[in-house]
Undergrad: 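Pasting a structure below so you can have a look.
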Amino acid sequence: MTEGLDPDFTPIATRIRANVGRQGFMNHVGAELSELARGACTIEVERRPELLQQHGLFHGGVTAFLVDNATTIAAATTRGQAALTAEYKLNLLSPASGDRLICRARVIKPGRQVAVVAADVFCVIDGKEKHTATALASIAMLDEKAAARIESPA
């Protein structure tokens, strides 16, 4: 947590953490927002049988979820505005085994309408991180009017 280093970021971080706490899927997967800073986000998930595929590895969908959520959250930290994933390219580099998955996202280029965000996913095996995936995402940044339409659809 680095919210305390940037007092202007504290209200943004508080709002983001509250929004993440309301995400049903985040809670369902058991993921945790472990670090949040302006332009960066880290999400982690512990190994559980329901998150694994038939070979005992983390399912690729878990990796994709972490990338999707972490990149969007990282983009939202830049100005505190709502954000939605527009697209991402995910490269699975090696099997995701181990006790935990960690996704670290960082904003490459903030923008008023689109932010470009990179993410790397690591699995933790015997206390050591192994790079398992990398991604690049385009995140749509929403103005207040667009965000209000999404939150209260007609």
Undergrad: Answer yes or no: does atom CD of Gln113 have more than 12 heavy-atom neighbours from other residues, nucleotides or ligands under 6.0 Å?
TA: no
Undergrad: Tracing side-chain links under 4.5 Å among I, L, V, M, F, W and Y, which residues wind up in one group with Val107?
TA: Val117, Ile139, Met141
Undergrad: Please round to the nearest 0.5 Å and tell me the distance separating atom NZ of Lys130 and atom SG of Cys123.
TA: 5.5 Å
Undergrad: According to a hydrophobic-cluster definition based on side-chain heavy atoms being under 4.5 Å apart (Ile, Leu, Val, Met, Phe, Trp, Tyr only), do Leu136 and Val121 belong together?
TA: no
Undergrad: Could you work out, with side chain to side chain contact (heavy atoms under 4.5 Å, CB included) as the rule, every residue matching Arg112, not counting sequence neighbours?
TA: Arg79
Undergrad: Who are the ring-ring contact (aromatic ring centres under 6.0 Å, His included) partners of His59, not counting sequence neighbours?
TA: none
Undergrad: Residues two or more places apart in sequence or in another chain: which of them pass side chain to side chain donor-acceptor pair (under 3.5 Å) with Gln81?
TA: none
Undergrad: Between Leu92 and Leu101, is there a shared hydrophobic cluster once you connect ILVMFWY residues whose side-chain heavy atoms come closer than 4.5 Å?
TA: yes
Undergrad: If the condition is side chain to side chain donor-acceptor pair (under 3.5 Å), which residues does Asn91 pass it with, not counting sequence neighbours?
TA: Lys89
Undergrad: Considering non-hydrogen atoms only, spot the tightest contact between Arg38 and Thr78 and give its length.
TA: NH1-O, 3.1 Å
Undergrad: In the single-linkage hydrophobic clustering (I, L, V, M, F, W, Y; side-chain heavy atoms under 4.5 Å), do Val29 and Leu90 co-cluster?
TA: yes
Undergrad: Which residue pairs satisfy the ring pair (Phe, Tyr, Trp, His ring centres under 6.0 Å) criterion with at least one member in residues 62-103, sequence neighbours excluded?
TA: Phe25-Phe65
Undergrad: Using the rule that Ile, Leu, Val, Met, Phe, Trp and Tyr join whenever any side-chain heavy atoms are under 4.5 Å apart, tell me whether Leu66 and Leu57 fall into a single cluster.
TA: no
Undergrad: Got a sec, which residues hit side chain to side chain donor-acceptor pair (under 3.5 Å) with Gln54, two or more places apart in sequence or on another chain?
TA: none
Undergrad: Can you name the side chain to side chain contact (heavy atoms under 4.5 Å, CB included) partners of Asn19, sequence neighbours left out?
TA: Arg15, Arg22
Undergrad: Apart from Ile102 itself, what residues make up its hydrophobic cluster, given side-chain heavy atom links below 4.5 Å?
TA: Val124
Undergrad: Please lay out, stage by stage, how Ile125 and Ser97 fare under the test side chain to side chain contact (heavy atoms under 4.5 Å, CB included).
TA: CA-CA 7 Å; Ile125 304 169; Ser97 59; 3.4 Å; yes
Undergrad: Applying salt bridge (charged side-chain N to carboxylate O under 4.0 Å, His left out), can you list everything that pairs with Arg47, at least two apart in sequence or on another chain?
TA: none
Undergrad: Please name all residues satisfying salt bridge (charged side-chain N to carboxylate O under 4.0 Å, His left out) with Glu32, sequence neighbours left out, ordered by chain then number.
TA: none
Undergrad: Can you pull the ring pair (Phe, Tyr, Trp, His ring centres under 6.0 Å) pairs that have at least one residue in residues 95-130, sequence neighbours excluded?
TA: Phe122-His131
